Amino acid sequence: MLYSKNGLVVYDSILDDFHKNMHLDYAFDADTNANYTVLRIYKNKIDGTKQYPFVRSPGLMSSLELSALENWQVIINAGIFIMETSGQPADGVVIQNGIVVNNLPATYHVGAMPLTIDADGNLSYAEADATGSALVSNGIVSAVCGFCPIITNYTPTSSFPTIEHITHFTQNAQRQIIGQWGNGDYAILTCEGRNFDHSDGWTLAEAQVICQKLGLKFAYNLDGGGSTQTVIYKKQINTIYEGTTGRKVPTFIVFNGGASYAVPA
């Protein structure tokens with residue numbers, strides 16, 4: 001529950017809720033000289049209820065700006081967009097709460113493969129030519145076009161797709177990865193890079209190794225670089241790369257602590 005005290009937003013029993021619902025680790029990988037966080041969000045909470053991720057497409061803003069408007073427990077940046085148009089529109093398929101926001105495959109980042117979330121909160125991906133309407137007809141309730149899967153069924157993908165206008169798969173950079181363990185728990189890996197926080201960052205192949213070490217069944221590479229933003233209870237836990245609130249982006253993945261799509265009061 002949120003309330004205001006002396007002009008500050010205060011969270012009632014926030015630590016108790018946090019420890020019941022998720023776990024955050026700060027880590028350093030010496031092999032890649034990279035600082036990163038691993039946020040584990042329990043799909044099955046202690047009270048017996050479930051929590052799922054959802055896609056939000058509220059318009060162009062940063063994760064911190066969205067957190068000021070909507071009280072999500074966790075917000076991360078999600079999909080790709082066309083830089084030449086300052087972040088709008090989102091490029092590729094976007095599905096929000098079973099409603100198709102963008103129906104067509106990516107037109108600028110041709111070859112990008114959408115992340116999909118079904119009604120049971122299971123993460124997967126679709127082929128690059130998938131349309132939003134086809135995904136909804138197959139039971140997908142959320143989708144956003146990041147870049148591609150990097151782990152499927154515990155196995156690193158043998159090759160990355162050719163995606164137009166992408167040069168950083170083999171470069172060290174900030175990474176934003178969402179994944180899932182075999183028991184259904186969600187993983188959010190947020191890696192600093194390009195010497196922010198004295199961290200080199202990961203290539204996509206290096207990110208695969210980390211995901212394997214964590215034992216992830218599935219992992220998907222979302223938009224990264226300067227767009228990387230992870231906000232937990234209205235606090236951004238990684239470096240803010242642009243301005244005071246971060247880069248403005250068109251799509252997000254959010255958690256509200258529940259299995260139904262709703263903005264909590």
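Counting begins at 1 with the first residue of the sequence. Computed from a predicted model, the values in this text were never measured in an experiment.
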With a 3.5 Å distance limit and no angle check, can you tell me whether [X] reaches the backbone of [Y] through a side-chain donor-acceptor pair?
X      : Y      : result
Thr190 : Thr37  : no
Asn103 : Ser133 : yes
Asp91  : Tyr108 : yes
Asp223 : Ser227 : no
Asn33  : Asp29  : no
Lys45  : Gly257 : yes
Glu65  : Ser62  : yes
Gln51  : Tyr42  : yes
Glu192 : Thr239 : yes

Would you mind reporting whether [Y] and [X] have side-chain heavy atoms less than 4.5 Å apart?
X      : Y      : result
Ile237 : Tyr26  : yes
Phe218 : Leu115 : yes
Ile188 : Ile177 : no
Asn97  : Ser142 : no
Pro58  : Phe252 : yes
Val38  : Leu24  : no
Leu222 : Ile178 : yes
Ile41  : Asn21  : no

How close do [X] and [Y] get, counting heavy atoms only, and between which atoms?
X      : Y      : result
Leu123 : Gln180 : N-OE1, 2.9 Å
Thr167 : Thr170 : O-OG1, 4.2 Å
Ala262 : Asn256 : O-ND2, 3.0 Å
His109 : Ile166 : CD2-CD1, 3.7 Å
Ala187 : Leu216 : CB-CD2, 3.7 Å
Val231 : Ser63  : CG2-CB, 3.6 Å

Grouping I, L, V, M, F, W and Y whenever their side-chain heavy atoms are under 4.5 Å apart, do [X] and [Y] come out in a common cluster?
X      : Y      : result
Ile75  : Met22  : yes
Val101 : Val249 : yes
Val93  : Val100 : yes

Begin with the C-alpha distance, continue with both residues' side-chain angles, and end with the deciding distance and a verdict on side chain to side chain contact (heavy atoms under 4.5 Å, CB included) for Met113 and Ile163.
-> CA-CA 9 Å; Met113 308 169 79; Ile163 300 176; 6.0 Å; no

What pairs meet the ring pair (Phe, Tyr, Trp, His ring centres under 6.0 Å) rule with one or both residues in residues 178-201, with sequence neighbours excluded?
-> Tyr186-Phe255, Phe196-Tyr241

Sequence neighbours excluded, every pair satisfying ring pair (Phe, Tyr, Trp, His ring centres under 6.0 Å) that has a member inside residues 50-71 | Phe54-Tyr261

Could you give the distance from [atom1] ([X]) to [atom2] ([Y]), rounded to the nearest 0.5 Å?
X      : Y      : atom1 : atom2 : value
Thr32  : Arg175 : OG1   : CZ    : 11.5 Å
Thr230 : Leu39  : OG1   : CG    : 7.5 Å
Cys191 : Ile210 : SG    : CD1   : 8.0 Å
Ile253 : Tyr220 : CD1   : OH    : 8.5 Å
Ser57  : Gln96  : OG    : CD    : 6.0 Å

Which residue, Val74, Ile76, Val254, Ile117, forms the side-chain contact (heavy atoms from CB on, under 4.5 Å) with Pro53?
-> Ile117

What I want to check is whether the side chains of [X] and [Y] have a donor and an acceptor closer together than 3.5 Å.
X      : Y      : answer
Gln176 : Asn77  : yes
Arg247 : Gln229 : no
Asn183 : Lys217 : no
Gln171 : Thr203 : no

Under the salt bridge (Lys or Arg N to Asp or Glu O under 4.0 Å) test, residues paired with Asp200 that sit two or more places apart =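 Expected list: none.
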
Can you pull the salt bridge (charged side-chain N to carboxylate O under 4.0 Å, His left out) pairs that have at least one residue in [range], sequence neighbours excluded?
range            : value
residues 93-104  : none
residues 179-190 : Arg40-Asp185
residues 108-129 : none

For Ala126, what residues pass the side chain to side chain contact (heavy atoms under 4.5 Å, CB included) criterion, not counting sequence neighbours?
->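 Expected list: Pro114, Thr116, Ala130, Leu135.
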
Tell me every residue that passes side chain to side chain donor-acceptor pair (under 3.5 Å) with [X], counting only those two or more places apart in sequence or in another chain.
X      : result
Asn172 : Glu206
Ser124 : none
Asp31  : none

Just list the side-chain donor-acceptor pairs under 3.5 Å for residues 144-158, sequence neighbours left out, or say none.
{"residue": "Thr155", "atom": "OG1", "partner": "Asn153", "partner atom": "O", "Å": "3.4"}
{"residue": "Thr157", "atom": "OG1", "partner": "Gln208", "partner atom": "NE2", "Å": "3.2"}

Which is it for Leu64 and Lys235 under the side chain to side chain contact (heavy atoms under 4.5 Å, CB included) test, yes or no, and what are the steps along the way?
-> CA-CA 7 Å; Leu64 278 174; Lys235 178 178 176 58; over 6 Å; no

Less than 4.0 Å between a side-chain N and a carboxylate O, is that true for Lys248 and Glu242?
-> no

Quick one: ring-ring contact (aromatic ring centres under 6.0 Å, His included) partners of Tyr36, sequence neighbours excluded?
-> Trp202

